[in-house]
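Hydrogens, waters and symmetry mates play no part in the numbers below; they use all other heavy atoms, side chains included. As the structure lists them, so they are numbered: ligands from 1, and atoms in each ligand from 1.
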Amino acid sequence: MTEPIFSIIAPIYNEISNLPELYRRIKEVMDSTGEPWEMLLVDDGSSDGSTEKIQELAAMDPRLRPVIFARNFGHQIAVTAGLDYARGKAVVIIDSDLQDPPEAILDLIARWREGYEVVYAVRAEREGEGWFKLFTASLFYRLIASITDVKIPMDTGDFRLLDEKVVAVMRTMRERHRFLRGMSVWVGFKQIGVPYRRAARFSGTTKYPFKKMYKLARDAITGFSYVPLALATYLGFISAGVSIISIPVVIALRLAGRQELTGQATTLIAVLFLGGVQLISLGILGEYIGRLYDEVKGRPLYIVRQAPEKPQVDNSLIRNGIVHK
Ligand code: UDP
Ligand code: MG
């Protein structure tokens with residue numbers, strides 16, 4: 001088989017009802033490029049029969065290359081595994097629920113041919129999402145933009161094309177708590193956005209419940225910003241400042257014989273306020289320390305049950321314990 005020019009990475013978690021349609025549309029679009037392509041179907045521990053469906057499709061079309069995880073590791077890790085195995089000169093990351101229309105890949109490729117090395121798709125419109133998702137997503141993008149050091153473009157997801165140069169760099173970044181959108185901006189290179197219309201899910205329901213979105217937000221913030229760590233310092237200065245100002249005020253009031261500030265309420269408020277500040281600061285420290293601990297343990301990023309012949313990364317980086325026969 002000739003070396004593929006394009007690699008498509010699709011993370012899959014219980015998407016059985018979307019798989020045939022995903023394959024049909026990707027095939028149609030990619031065949032129209034006239035170039036050889038491959039598709040990495042990364043099964044992130046599905047339990048709805050997606051795994052078998054992937055095997056079935058791959059048996060029919062050798063351009064489909066399954067990467068089957070031993071359990072659910074999460075979307076960002078699934079995409080990472082795809083990057084580790086992709087052989088193409090340009091690698092496209094796409095959701096498997098058809099919210100990212102495969103036809104838009106052609107626009108990404110057109111920009112890549114002009115010389116851009118990271119071509120990210122920007123959501124100009126979104127269909128079929130509830131207000132809560134839209135609201136939290138918008139809040140998320142704005143928060144990230146205001147406190148992180150890298151300029152992560154607004155309203156972009158993981159739907160993007162990466163040149164092989166970028167992929168090679170990203171393969172060396174083995175952090176466990178990953179925010180790929182940030183990482184692919186952090187590396188630099190020539191980047192550009194292409195607007196697209198984000199469709200509604202073809203079928204099934206979201207695999208990103210609030211808990212997973214919250215984790216992604218925390219990973220994004222801790223991965224790219226130290227602002228939360230500095231928060232303790234700011235709050236400390238504020239409460240110390242308030243108490244320093246309060247001392248002469250209280251003394252003056254006492255000397256004037258006024259009784260406003262007596263009683264337990266004041267003490268209670270001060271104690272609760274400081275206690276709150278200290279607990280929040282501890283919690284923030286904990287977020288970073290927990291991540292530090294995870295990195296130090298150095299466990300494999302993911303464990304595969306089945307994967308293509310050999311990864312494109314050094315096995316010492318991948319540390320995934322696959323035995324290649
Ligand atoms: N996904 C995954 N592992 C997970 C959760 C999601 O591989 O633990 C995949 C999912 O199958 C889909 C993509 O990540 O292809 C995006 O998930 P989803 O469409 O549920 O997220 P949403 O579009 O609702 O934000
Ligand atoms: Mg989706």
Applying a heavy-atom distance cut-off of 4.0 Å, which protein residues contact ligand 1? Pro11, Ile12, Tyr13, Glu15, Asp44, Asn72, Gly74, His75, Asp95, Ser96, Asp97, Gln99, Lys133, Arg198, Arg201, Thr206, Lys207, Tyr208, Lys212
Short side-chain donor-acceptor distance under 3.5 Å, Asp43 and Gln306: no
Would you say Asp95 has an N, O or S atom lying under 2.8 Å from the Mg ion (ligand 2)? no
Ile251-Ile244 co-clustered via ILVMFWY side chain contacts under 4.5 Å: no
Report whether Met39 and Leu98 are members of the same hydrophobic cluster (ILVMFWY, side-chain heavy atoms less than 4.5 Å apart, transitive linking). yes
I'd like to know if the Mg ion (ligand 2) has an N/O/S atom from Gln99 within less than 2.8 Å of it, counting both backbone and side-chain atoms. yes
Report the C-alpha distance between Tyr120 and Arg111 in whole Å, list the side-chain angles of each, state the deciding distance to 0.1 Å, and finish with yes or no for side-chain hydrogen bond (donor to acceptor under 3.5 Å, both in side chains). CA-CA 10 Å; Tyr120 51 87; Arg111 290 305 217 167; over 6 Å; no
What N/O/S atom of Asp97 gets nearest to the Mg ion (ligand 2)? OD2
How about OH on Tyr288, more than 12 heavy atoms from neighbouring residues, nucleotides or ligands closer than 6.0 Å, or not? yes
Can you see which heavy atom on Tyr196 is nearest to which on Ala104, and at what distance? CB-CB, 4.4 Å
For Arg178, salt bridge (Lys or Arg N to Asp or Glu O under 4.0 Å) partners two or more places apart: none
